[in-house]
Number of protein chains: 2
Amino acid sequence: MNDDTTNHPSRVLADFAARLEHADIPAPVLRRCEDLFLDWAGSALAGKTGAPVQMITAYAAQMGPQDGPSEVLVSRSGSSPFFAAMANAAASHFAEQDDVHNGSVFHPAAVVFPAALAAAQALGASGRDLLVASVAGYEVGIRVGEFLGRSHYKIFHTTGTAGTLAAAAAAGRLLGLSPRQMLDAFGSAGTQSAGLWEFLRDAAHSKQLHTAHAAGAGVTAAYLAQQGFTGAKHILEGAQGMAAAMSSDADPAKLTDRLGQRWALAETSFKFHASCRHTHPAADALQQVFQREKLEPSQVDSVTAHVHQGAIDVLGAVDVPETVHQAKFSMGTVLGLIAAHGRAGVGEFEASLGDTAVSSFRPKVTMALDPEVDTAYPARWIGKVTVRTRDGRELHGRVDEPKGDPGNTLERGEIEDKAIRLAEFAGAATREEMRGLIETCWSLERLPRVGRLLPGAAR
Amino acid sequence: MNDDTTNHPSRVLADFAARLEHADIPAPVLRRCEDLFLDWAGSALAGKTGAPVQMITAYAAQMGPQDGPSEVLVSRSGSSPFFAAMANAAASHFAEQDDVHNGSVFHPAAVVFPAALAAAQALGASGRDLLVASVAGYEVGIRVGEFLGRSHYKIFHTTGTAGTLAAAAAAGRLLGLSPRQMLDAFGSAGTQSAGLWEFLRDAAHSKQLHTAHAAGAGVTAAYLAQQGFTGAKHILEGAQGMAAAMSSDADPAKLTDRLGQRWALAETSFKFHASCRHTHPAADALQQVFQREKLEPSQVDSVTAHVHQGAIDVLGAVDVPETVHQAKFSMGTVLGLIAAHGRAGVGEFEASLGDTAVSSFRPKVTMALDPEVDTAYPARWIGKVTVRTRDGRELHGRVDEPKGDPGNTLERGEIEDKAIRLAEFAGAATREEMRGLIETCWSLERLPRVGRLLPGAAR
């Protein structure tokens, strides 16, 4: 029998999640949480057209209640917290436009916000409570991901596994679980923790099931704990706990790393361009040159993207893309979109194959291995381009951190724009409706009760 | 990308489950399946009073629809297949009276029947379809448990992990999944596979959550596959599949071991006595002597139970039990119950602490290490007792296989009696109601449509 009175990592983390208060959280962290919430809503709406999203949403409607207090974003319907969390989580990660925490290789928004929103709407919680609970979910999930380590990520999809605890922390905080109940919720979440990478080999739909399962299991764990359902007290570091089962390099110190001082939420990156991550630094650098010099694509003679070897390895194969997916791995296409449209979002990619402004720019782009960029990688993703103009100028662009990373984060206008475009792209919400949702996000602090983010569908 | 056309273990097993027909299954296996179904229903009803069972059932009612086609046994209510499967699975394993497959250390009934019954009731399937689907679930789950091996069981609760595939196979067969869809269902089930032993250290409620989760996840996997939701095709043996993630001694040959010839379902053991398994062989041997000699407890001077060392290690600590739980680990109490009442069921144990017939018999019992019994263990659990009577006789009892194991299985009358007693004990059904349920079990083959097993509660 474990000693029930001492502090051990699982307990310290659960205590933190249960006791976290609004006053404990610095204002910039709360503002960033609002940013991430809007970014999540856009990403989830962007999942509307995804086949696996539609199937999980249909399953939730089939197995759940006809209506309920918790909003299913892509269907504009109401359900119970469990199924709303499940359906929204399935939608969150589909367009791959949701946020990512680099150190834990964990996508917090996809599992935290579905659970938090579902519980908040069911409980009639305030916007402030939603924010506090979401911060708790981020801080817990990211630390669990860091704890499970690289060996875990080789076989397990960390967003699915650590995601159960992240979702439980968020839902549990909204339910007002005591520290002891929160530890029970962690136990019940961790013992449902699952998600294997094997599906990648078959390009199967499991990624959406993983986020759905994690959010649902976390909600279950939290609601059960509220009733007094007990769980393992050392679910993370115990001899038959998650690390023993699913990791060979787990580090318990990560679980409690500077709790209350370090805000892991603020380390989370937004995804800006809708392309392969290896194209982002050069895209940012080119955007800088175009904006600074007020260039037109026709003025450009050539572009050299100075890249790390990994970029050449991954992107070198695609010359003229034949599918939208391939276009996202084509440096010429990405830089062509930046040059012609100033952006490389999901909508631009969808139209890129027949876009003559892009196809005429694409041959101007070459990649060159750059020693400085290559040496800095992967700790830093430096972006460098050299642009030669028809009138003989040589222009240089450089970014030291890709757009969306914490040191080069998105402005609120950019986040709004991304969310509106994602929702419109998927036909999930109009610009008008998104304006309302955005207003909700920016006023969460003052919202006495979290209602629906979008108008309901006609029944 | 995996080769999609060749036969590999996951596919062969999925094909078997999808194509299994009534005509393929020998009649004795079908009859045994009916036996196991009744035994399961009794075990699930016995869970009614369990706190974790009540909490999961309440959660299902909170998150699920108000009513539905699938029966929640302990609450006499209707729900969707997902929540009915979850609630019934939570109930199945609580009293620890449900069946067990020794080789796989897997409790098939607790996960297979909840999923099968829930789907059958929702689909209006026939009793014959329910039986075929249940056999598919047993054959799949047991083989997955054997495949995952001993290293898996050290950390993972096999009934929780292998249980997701067992439940998916059963529900999937009822849904009429194609072989390809069944393989997808296996992928979705396996990537949700979870359940850690860590909770044992804290005597937490997780065991009920594990069976509930497995049955629910299996139902989800099957229903999603019916919609076309794809999963990993090598979820069991793939490089990032279940074995790679959760076992170090997995043997893929076990997955397809004599499919269609060997019926693993028929190897499943019933639990007869409600006590620690180590007391069962001696209890059976004593029962044999008492029945053969028509003895009364008062005629007995002493009993020697000839046991293996493990029995002495586990049972030696308890002299006079102070709790019902301890009574189940007291050889003197168990043999006292057999002597006084002819049985050691849940009801007898509940009354055993104040039972003078038992407490007066208890001091007559001693254990002695027996070389033959000890050498045969654990492959065979031989039961041997020597009874000395007050009139100077020395009587010997011996069983080579404990009551309930395949070679010494229960008669239908014994299964009926056990189920009735379990249901009555928990106040979950009257003897009359159980008579109706038993009639349903014995007529499953002829039932055109599986209805409720018990009358519904007044609303």
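The sequence lines fix the lettering, A, B, ..., with proteins before strands; numbering per chain opens at 1. Note that the coordinates shown come from a computational prediction; the quantities given were computed from them, not determined experimentally.
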Item to check | Top contributor to chain A contacts, counting heavy-atom pairs under 4.5 Å, from B:Lys154, B:His157, B:Met242, B:Gln240 | outcome: B:Gln240
Checklist entry - At what distance, to the nearest 0.5 angstrom, does NE2 of A:His234 lie from CG of B:Leu196? => result 14.5 Å
Checklist entry - Based on non-hydrogen pairs under 4.5 Å, which of A:Phe82, A:Phe199, A:Phe229 is most in contact with chain B? => result A:Phe229
Checklist outcome for this item: Shortest non-hydrogen pair, A:Gln192 vs B:Leu209, comes out as NE2-CD2, 3.7 Å
Checklist entry - Can you tell which of A:His152, A:Gln208, A:Met63 has the highest number of heavy-atom pairs within less than 4.5 Å of chain B? => result A:Met63
Item to check | A:Glu198 side chain to B:Ala232 backbone, donor-acceptor under 3.5 Å | outcome: no
Next on the checklist: Tell me which of these, A:Val219, A:Ile155, A:Ile235, has more heavy-atom pairs under 4.5 Å with chain B than the rest.
Outcome noted: A:Ile155
Next on the checklist: So for A:His210, is it side chain, backbone, both, or neither that comes closer than 4.5 Å to the heavy atoms of chain B?
Outcome noted: side chain
Checklist entry - Taking only residues at least two apart or on different chains, which pairs with a member in residues 213-223 of chain A satisfy side-chain hydrogen bond (donor to acceptor under 3.5 Å, both in side chains)? => result A:His213-B:His213, A:Thr220-B:Tyr59
Checklist entry - Once you round to the nearest 0.5 Å, how far does CZ of A:Arg201 lie from NZ of B:Lys233? => result 13.0 Å
Checklist entry - If you tally heavy-atom pairs under 4.5 Å against chain A, which of B:Ala214, B:Gly231, B:Ala239, B:Gly216 wins? => result B:Ala239
Next on the checklist: Quick check on the interface: out of B:Gly195, B:Ala221, B:Ala217, who has the most heavy-atom pairs with chain A under 4.5 Å?
Outcome noted: B:Gly195
Checklist entry - Which region of B:Ser193, side chain (C-beta onward) or backbone (N, CA, C, O), has a non-hydrogen atom less than 4.5 Å from a non-hydrogen atom of chain A, or is it both or neither? => result backbone
Item to check | Proximal component of B:Phe83, with respect to chain A [non-hydrogen, under 4.5 Å] | outcome: side chain
Item to check | Reported CD-to-CD distance for the pair B:Gln54 and A:Gln227, which is rounded to 0.5 angstrom | outcome: 9.5 Å
Item to check | Leading residue by heavy atom contact count with chain B [cutoff under 4.5 Å; candidates A:Ala244, A:Pro81, A:Gly187] | outcome: A:Pro81
Checklist entry - For the side chain of B:Thr230 and the backbone of A:His205, is there at least one donor-acceptor N/O pair under 3.5 Å apart? => result yes
